[in-house]
Amino acid sequence: MADFLRIRRGRIGPADVGLPTGPGRRRTPGLRREELAALAGVSVDYYIRIEQGRERAPSDAVLDALARALRLTADEHAHLLGLADQAAGRTPRHRPSGPRPPSPGLRLLLESVRPSPAYVLDEVNDVLDANPEGLALMPGLGDRPAGQRNTIRYTFLHPAARTLFADWDRVARNCVAHLHTAELTAPGRAATLVAELTASSGEFAALWRRHEVWVKRAGETAFRHPVIGPVTLANEVLSPAGDGRRVLLYQAPPGTPEHDALVLLAMTTQDVNTG
């Protein structure tokens, strides 16, 4: 919580919140502690104790005021509240969950959306299930045993990912921002994955220290696929089970070149083993 607040304070300047910058060069990046405390309506000493980790149980009212002062998004605000629960040893608002097996209903869903690539993911993006097109869209993902596939690990550690994702930097930032949310919902599994990726990827470690947090719900992803070539697909994230499992779906409107590319991808999956 202290790290999160300190980093977010460094990313918002006086002009962003209507404060004068004053003469001369500021030594502090972003807001000074006393400026943030004044904006949030708390004493400077109390805020310093929070940021230094000496105050471990600030009230929701204080956290809400800090979130407003820091211009946090809804996702960042929820993350701050969750970090506060963790720091105070309180019962988390979102109870941590354990690994879950794929369900027959979700398996049927993956089959019904073909040729659209689709995956069932858990909180840390372990791949619980995928249709053949899903494995074919990310070359090499299916080479690992079924219980060891993870799209965040793939993005940072698999050599094919750098070429596959046309905007790798954006995909990587989305991965890390999502993994920060898993610190609260699956802390043990998140910590294990973070430790592995921090040790293996300097780029991951640098992004992790930025404490960017958001939940990706929909958008577009551009691919440079070795079989179907360049293609941009809409993506949608669904939470049909309401228990932390999510369905990631890539799709394109029928009759478009992008959909034709997915049909071609499906034709290459006859021998793919989905595990």
Side-chain angles (χ1 to χ4, degrees), residues 1-17 28-31 33 36 39-40 47 50-51 53 58 63-87 92-94 96 121-126 150-157 161-162 165-222 235-237 239 244 246 248:
M1 178 177 66
D3 286 344
F4 181 76
L5 286 171
R6 184 166 53 252
I7 289 170
R8 303 315 297 188
R9 176 171 63 83
R11 292 186 183 170
I12 186 168
D16 297 324
V17 293
T28 303
L31 292 174
R33 288 170 173 167
L36 178 54
L39 288 169
Y47 176 73
I50 295 174
E51 194 175 281
L63 295 170
D64 291 345
L66 289 172
R68 287 192 296 270
L70 290 170
R71 307 289 178 88
L72 298 187
T73 66
D75 289 337
E76 292 166 343
H77 189 174
H79 187 67
L80 175 61
L81 294 175
L83 291 175
D85 290 340
Q86 195 175 68
R93 295 153 212 260
H94 302 287
L121 307 175
D122 69 4
E123 294 91 338
V124 299
N125 278 29
D126 281 344
N150 180 283
T151 62
I152 299 176
R153 181 187 293 114
Y154 178 87
T155 299
F156 282 94
L157 302 186
R162 299 282 179 159
F165 297 115
D167 190 350
W168 184 88
D169 290 339
R170 183 173 66 87
V171 173
R173 286 184 65 201
N174 282 333
C175 286
V176 176
H178 169 77
L179 190 53
H180 267 296
T181 70
E183 287 184 285
L184 306 177
T185 56
R189 284 176 286 141
T192 298
L193 183 58
V194 168
E196 174 193 349
L197 295 178
T198 299
S200 303
S201 170
E203 287 166 300
F204 174 87
L207 285 171
W208 185 255
R209 289 192 296 268
R210 294 173 63 172
H211 282 272
E212 293 180 323
V213 182
W214 59 75
V215 177
K216 191 173 188 305
R217 298 176 176 89
E220 289 188 340
T221 304
N235 58 69
E236 195 78 32
V237 180
S239 301
R246 294 136 44 235
L248 170 60

* Structure fact -> dist T221:OG1 -> L248:CG (nearest 0.5 Å) comes out at 8.0 Å
* **side-chain contact (heavy atoms from CB on, under 4.5 Å) between L36 and R33, worked out** => CA-CA 5 Å; L36 178 54; R33 288 170 173 167; 6.0 Å; no
* **L157 side chain near F204 side chain, heavy-atom distance below 4.5 Å** => no
* Once you round to the nearest 0.5 Å, how far does OG1 of T198 lie from CG of L193? -> 9.0 Å
* Give the C-alpha distance, both sets of side-chain angles, the deciding distance and a yes or no for side-chain contact (heavy atoms from CB on, under 4.5 Å) between L81 and H77. => CA-CA 6 Å; L81 294 175; H77 189 174; 3.9 Å; yes
* To do: With sequence neighbours excluded, tell me which residues meet salt bridge (charged side-chain N to carboxylate O under 4.0 Å, His left out) with D75.
  => R217
* V237/V215 under side-chain contact (heavy atoms from CB on, under 4.5 Å): CA gap, chis, key distance, verdict -> CA-CA 10 Å; V237 180; V215 177; over 6 Å; no
* **Residue list, salt bridge (charged side-chain N to carboxylate O under 4.0 Å, His left out) with R71, at least two apart or on another chain** => none
* How about L72 and L66: do any of their side-chain heavy atoms sit closer than 4.5 Å? -> no
* Asked: Where does the angle between the aromatic ring planes of H180 and W208 fall among parallel (under 30°), tilted (30 to 60°) and perpendicular (over 60°)?
  -> parallel
* **side-chain contact (heavy atoms from CB on, under 4.5 Å) assessment of V124 paired with I152** => CA-CA 8 Å; V124 299; I152 299 176; 5.8 Å; no
* Structure fact -> CD1 of I50 to CZ of R6, rounded to nearest 0.5 Å, is 13.0 Å
* Structure fact -> One should read off an interatomic distance between L70 CG and R68 CZ, to the nearest 0.5 angstrom, of 11.0 Å
* Asked: Is there a donor-acceptor contact under 3.5 Å from the side chain of R173 to the main chain of L207?
  -> no
* Atom pair CZ/CD of R189 and E123 - distance to nearest 0.5 Å -> 5.0 Å
* Among T155, L197, D126, L121, find the residue that satisfies the side chain to side chain contact (heavy atoms under 4.5 Å, CB included) test when tested with N150. => D126
* D16 side chain to G13 main-chain N or O, any donor-acceptor pair under 3.5 Å? -> yes
* Are the side chain of T181 and the backbone of H178 linked by a donor-acceptor contact shorter than 3.5 Å? -> yes
* To do: Indicate whether the side chain of N125 and that of R153 have a donor and an acceptor atom separated by less than 3.5 Å.
  => no
* So do the side chains of K216 and N235 get within less than 4.5 Å of each other, counting heavy atoms only? -> yes
* Asked: Taking C-beta and beyond as the side chain, do R9 and Y47 meet within less than 4.5 Å on heavy atoms?
  -> yes
* Within-4.5 Å side-chain heavy-atom neighbours: L80 and V213 -> no
* Structure fact -> Correct closest heavy-atom pair for A2 and G53 would be CB-N, 4.0 Å
* Taking atom CD of E51 and atom CG of D3, what is their separation to the nearest 0.5 Å? -> 9.0 Å
